[in-house]
Amino acid sequence: MKTESNKVIIEDLKKIRFFEGYSDKQLTAIVEMSSVKEFKVKEILFEQYDELHDVDILLEGSLSLGISLAHEKRIHLGTIEEGQLFSWSAVFSPYISTAWVMAMKPAKVISINAKQLNKKIEEDCDFGFKTMSKIAQTISHRLSDTRFQLMNQMTI
Amino acid sequence: MANNQNIYKPIKAKLTDVIEESPLIKTFVLIPEEEFSFKTGQFIELSVDGIGEAPFTPSSSPHVTDKLEVTIMKTGYVTEYMHNLKPGGYMGIRGPYGRGYPVETFFGKEVLILGGGCGLAPIRSLLYALEHVKDKLKKVILCYGSKTPSDCIYKPLFARLNQIEKFEAYRTVDKADEEWDGSVGVATTLLNTIKVDIKNSVAVVCGPPIMMKFGTIRIIEMGYTDDQIYLSMEKNMSCGLGKCGHCMMGEFFVCKDGPVFTYKELKNTPDIWK
Ligand SMILES: Cc1cc2nc3c(=O)[nH]c(=O)nc-3n(C[C@H](O)[C@H](O)[C@H](O)COP(=O)(O)OP(=O)(O)OC[C@H]3O[C@@H](n4cnc5c(N)ncnc54)[C@H](O)[C@@H]3O)c2cc1C
Ligand code: FES
């Protein structure tokens with residue numbers, strides 16, 4: 001459950017590697033579609049298979065990402081550290097999360113409204129290309145790390 | 001070049017301590033009976049009389065010359081025998097051999113080190129060597145991954161490194177246990193959040209072949225050029241002297257031309273990650 005909500009400031013975005021290369025005008029557009037949300041330790045940000053409405057970037061704290069298998073406890077697959085983007089499923093149909101995310105330390109998250117983000121991506125080519133490239137890179141890293149993790153597990 | 005005269009004759013070294021690092025890894029503390037020194041990243045052939053010998057990279061500081069530490073993972077015949085040795089016994093040392101890390105060329109730069117599993121053994125020696133010249137370096141960042149928390153070796157090293165000016169150390173595990181509250185994910189995930197001045201930096205990768213492969217690809221993606229990346233290669237070896245050909249990798253003898261190479265030197269060599 002989200003406990004607090006407040007405004008994002010442009011300085012917050014400038015500290016995040018994901019937004020390197022964005023103009024002030026583009027960052028202002030992101031500020032207008034975002035809010036900061038805070039989560040307590042062990043609080044679930046969203047569950048696997050939840051419909052997602054926001055793309056999130058961790059501003060402070062640490063999050064755990066994992067999957068649940070039927071009748072089994074939660075399996076932790078990885079940690080999301082400060083500055084990392086997650087819940088990218090919110091911008092792609094069917095907008096359903098592929099994993100759950102839980103706060104491991106008190107967390108502050110920038111939540112970007114996915115509908116408004118997709119609208120901006122369609123309207124502003126430069127913004128759209130940058131954003132989609134960076135989301136693709138995030139997913140590509142996640143895929144590569146997962147392959148690496150899988151190969152490691154196979155050799156345990 | 002070997003310190004001892006007959007290149008095949010080992011120096012006797014007394015085993016003074018055996019430190020259990022993880023269920024499969026132990027560190028052996030040895031006092032050589034003759035003068036012995038090495039450069040960080042070089043390897044030695046370590047033997048047990050009547051059993052055999054195997055190559056290992058010392059994990060201790062190259063600036064400590066009266067004692068040598070070697071961290072050994074139990075993988076087969078020779079290493080299993082070594083794991084059963086007790087303090088007071090003797091081992092043989094040949095070497096040091098090969099080309100280690102060119103630490104002087106790191107001066108004025110940031111050094112990013114990506115390690116996994118038993119790869120932390122040679123890295124520990126490198127970290128000691130870098131600590132020795134820390135005034136000449138900009139920053140040293142260690143990103144290390146182990147399969148589980150109990151597989152992580154040198155646990156106190158991380159806290160110590162984080163207290164040294166200019167040093168940052170991060171670790172992660174592939175699979176957490178109940179007590180682990182640190183990062184979960186493979187070693188490369190740690191690269192997502194570190195701050196490094198790539199243009200003025202070198203990257204060192206050392207670990208199991210899977211990690212070397214994924215790690216090197218990610219480091220190239222970060223913007224490092226092929227000649228900024230140093231790889232410590234492990235190939236089956238025998239003579240350690242460039243004579244038997246056991247360790248050939250493309251045009252290179254890993255024992256003589258390596259074990260430390262730049263990625264630029266190796267990138268066109270087939271099967272480098274095998
Ligand atoms: C330059 C160099 C530095 C090394 N440094 C270290 C170190 O610091 N710590 C450490 O624990 N190990 C290190 N190794 C690996 C170590 O040499 C092998 O684990 C050891 O030779 C295995 O011997 P064994 O008789 O116990 O295993 P074997 O019974 O011969 O074989 C068991 C398994 O180990 C593999 N293996 C055998 N020899 C080698 C080898 N030379 N390199 C890689 N895999 C091998 C075999 O393919 C087999 O899968 C290093 C290897 C090289 C080439
Ligand atoms: S080990 Fe004999 S040539 Fe390299």
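Excluded from the calculations below are hydrogen atoms, water molecules and symmetry mates; all remaining heavy atoms, backbone and side chain alike, are included. A, B, ... follow the sequence lines: proteins, then strands. Residue 1 opens every chain.
For chain A, the option among A176(B), G185(B), G145(B), S183(B) with the highest count of heavy-atom pairs below 4.5 Å is S183(B). Note: V184(B) leads T188(B), I217(B), V184(B), T189(B) in heavy-atom pairs under 4.5 Å with chain A. For chain B, the option among M104(A), Q149(A), R17(A), H141(A) with the highest count of heavy-atom pairs below 4.5 Å is H141(A).
Between the side chains of S150(B) and S22(B), no donor N or O sits under 3.5 Å from an acceptor N or O.
For the pair K130(A) and Y22(A), the distance from NZ or CZ to the six-membered ring centre is under 6.0 Å and the angle to the ring normal is within 45 degrees.
Using a 4.0 Å cut-off between charged side-chain N and carboxylate O, R218(B) and D145(A) make a salt bridge.
Heavy atoms closer than 4.5 Å to chain B are found in the backbone of E82(A), but not in its side chain. Heavy atoms closer than 4.5 Å to chain B are found nowhere in S62(A), neither backbone nor side chain. With a threshold of 4.5 angstrom between heavy atoms, L190(B) does not approach chain A through any atom at all.
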Going through the distances and angles, do Y101(B) and Y230(B) end up as a ring pair (Phe, Tyr, Trp, His ring centres under 6.0 Å)? CA-CA 8 Å; Y101(B) 294 104; Y230(B) 291 86; 7.2 Å; no

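Residues E32(A) and Q116(A) approach most closely at O-OE1, 4.2 Å, considering heavy atoms.
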